[in-house]
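On a predicted model such as this, the values are computed, not experimentally measured, just so you know.
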Amino acid sequence: MRPRKDAARKDDVIQIRAPAGTKAMLSRAATLRGQKLSKFVLDSARRQAEETILDQRIFFLDTDAHEKFLDLLDAPNKPAEELRARMARMPVWGR
């Protein structure tokens with residue numbers, strides 16, 4: 001029985017090229033952690049990816065800054081008269 005072509009793979013391959021010095025440094029760090037190079041690199045990359053994604057979704061504020069932030073959300077600035085005028089006129093493509 002052959003595996004289905006659309007079956008999800010458990011593992012996928014990531015190939016990267018790195019300068020010899022960088023590989024040596026990564027290998028040394030992996031050894032210090034008692035990990036194989038591939039596990040060390042994958043764990044490090046995953047951690048960095050998670051931080052990058054979270055940086056786009058979550059931010060932390062102290063109590064005062066949080067209160068100011070909520071106040072701004074509750075009372076947004078009124079649109080300037082220039083903006084109101086632009087929004088009221090017919091767009092070029094509608095003329």
Handout entry: Short side-chain to backbone donor-acceptor contact, Ser27 and Lys23, under 3.5 Å
Key =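 Such a contact is found between Ser27 side chain and Lys23 backbone.
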Name all residues meeting the side chain to side chain contact (heavy atoms under 4.5 Å, CB included) criterion together with [X]; count only those two or more places apart in sequence or in a different chain, and write none if there are none.
X	result
Leu83	Pro79, Met87
Arg28	Leu32
Thr31	none
Arg47	Arg33, Asp43, Ser44

From [atom1] ([X]) to [atom2] ([Y]), nearest 0.5 Å:
X	Y	atom1	atom2	result
Lys68	Thr63	NZ	OG1	12.0 Å
Ser38	Ile14	OG	CD1	10.5 Å
Leu42	Lys36	CG	NZ	13.5 Å
Arg84	Lys78	CZ	NZ	8.0 Å
Lys39	Leu37	NZ	CG	12.5 Å
Thr22	Met25	OG1	CE	5.0 Å

Exercise for the section: Report, as yes or no, whether the 6.0 Å neighbourhood of atom CZ on Arg17 holds more than 12 heavy atoms from other residues, nucleotides or ligands. Expected result: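 It does not: Arg17 CZ has 12 such atoms or fewer within range.
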Exercise for the section: Could I get the full list of salt bridge (charged side-chain N to carboxylate O under 4.0 Å, His left out) partners for Glu81, not counting sequence neighbours? Expected result: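 So Glu81 forms no salt bridge (charged side-chain N to carboxylate O under 4.0 Å, His left out) with any residue.
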Problem - Pairing residues for Arg86 by the salt bridge (charged side-chain N to carboxylate O under 4.0 Å, His left out) criterion, not counting sequence neighbours - result: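 Listed in chain order: Glu82.
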Practice task
Side-chain contact test, heavy atoms from C-beta onward, threshold under 4.5 Å: evaluate it for Val13 versus Gln15 and give yes or no.
Solution key: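 Touching, per the 4.5 Å side-chain cut-off.
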Problem - Chi angles and distances behind the side-chain contact (heavy atoms from CB on, under 4.5 Å) call for Glu51, Arg46 - result: CA-CA 9 Å; Glu51 285 181 28; Arg46 187 182 61 246; over 6 Å; no
Problem - Nearest atoms (heavy-atom pairs only) where Phe69 meets Leu61 - result: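 Minimum heavy-atom separation between Phe69 and Leu61: CB-CD1, 3.9 Å.
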Problem - Closest non-hydrogen atom pair between Arg95 and Met90, with its separation - result: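 Here Arg95 and Met90 meet closest at NH2-O, 3.0 Å.
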